[in-house]
Amino acid sequence: LIIFTDLDGTLIDSDTYSYQNAIPVLNTLKNNQVPVIPVTSKTRLEVETLRQSLQINDPFIVENGSGIFVPLDYNDLTLPKSNQWGDYYLHRLGCTYAEARQGLEKIATALNEPLQGFGDMSEAEICHLTGLSSDEAKQAKAREFTEPFLTPKKVTPERLNKIVQDLGYRIVVGDRFCHLIGAGAGKGKAVQWLVDSYQSARPDAKITTLGLGNSPNDLEMLEVVDSPVIVPGNKGINPGLSGKGWQVAPAPGSQGWAEAVRGVVLSPP
Ligand code: 2M8
């Protein structure tokens, strides 16, 4: 079993960013050597901080499936040495941050409307919009691949998507922000790449996957896992994920995450 999980609003509570309710289940998973792979809009720096406090050493997927980081000392996967990047192997599916910033400028020109991305905001503004602390906002601003931006008001999603596609990018929608990502990126593609890598490292093993998410940007990830679970928000399921007939966790955030995962891990094979 491999668990692929979104963070904000899924493993982590929406407003308080707390994952206390999930700690006992995370410890059980660690004892049973079940990999828990974050698949998030967050940056590498944000995920590194979380991995340090949770003491997990599994691979992780950042910035909406733009970068897959596998620790060099992770023995369950062997990846080409040529992709070494600091303490990791990096498999990049998206664009660079510089390209994302250029893309946002081109979209703003096409719309004739200024767009506000994280690169245009101060740390204080990001804290105000998200409830992150200023250290956390600094890490959220340290982007390597993608640009979160405020949803433009005067354009339909269809027209916006058309402009973005013609420029060679994609937009995915998170809890609070739109995210401009490279055309080749996405949570689904990144998860599939990691599953294939695990499978080719252990051709005889039958790998099963559980995925958990709460926002429209999680849809593609939930579509490629064996068991998709939607974690509801305080007002129920996000409309972008409704009508799929997938399992819904019994509560929002870390509490629902823990109960849903406990159900799967403790259920007889
Ligand atoms: C952004 O991501 C969330 C996740 O869904 C969003 O779109 O609302 C990211 O930029 C991330 O880096 C940051 O930590 C988060 C804070 O709420 O916002």
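Order of appearance sets the numbers: ligands from 1, and atoms from 1 within every ligand. Along the sequence shown, residues are numbered consecutively beginning with 1.
Salt bridge annotation for Arg44-Glu144: present, with a cationic side-chain nitrogen under 4.0 angstrom from a carboxylate oxygen. Comment: Arg143 engages Glu63 in a salt bridge, judged by a side-chain N to carboxylate O separation of less than 4.0 angstrom.
Listed for the Lys187 side chain is no donor-acceptor partner under 3.5 Å among the backbone atoms of Leu219.
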Take Asn238 and Ser215, measure what side chain to side chain donor-acceptor pair (under 3.5 Å) needs, and give me the verdict at the end.
CA-CA 6 Å; Asn238 185 299; Ser215 289; 4.5 Å; no
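Note: the hydrophobic cluster containing Tyr19 also contains Leu29 (ILVMFWY, side chain heavy atoms under 4.5 Å, direct or indirect links).
Residues Val191 and Val39 meet the side-chain proximity criterion, which asks for heavy atoms closer than 4.5 Å.
Pocket lining of ligand 1, defined as residues with a non-hydrogen atom under 4.0 Å away: Asp8, Tyr17, Ser41, Lys42, Glu46, Phe118, Thr130, Leu132, Ala140, Arg143, Pro148, Gly174, Asp175, Arg176, Phe177, His179.
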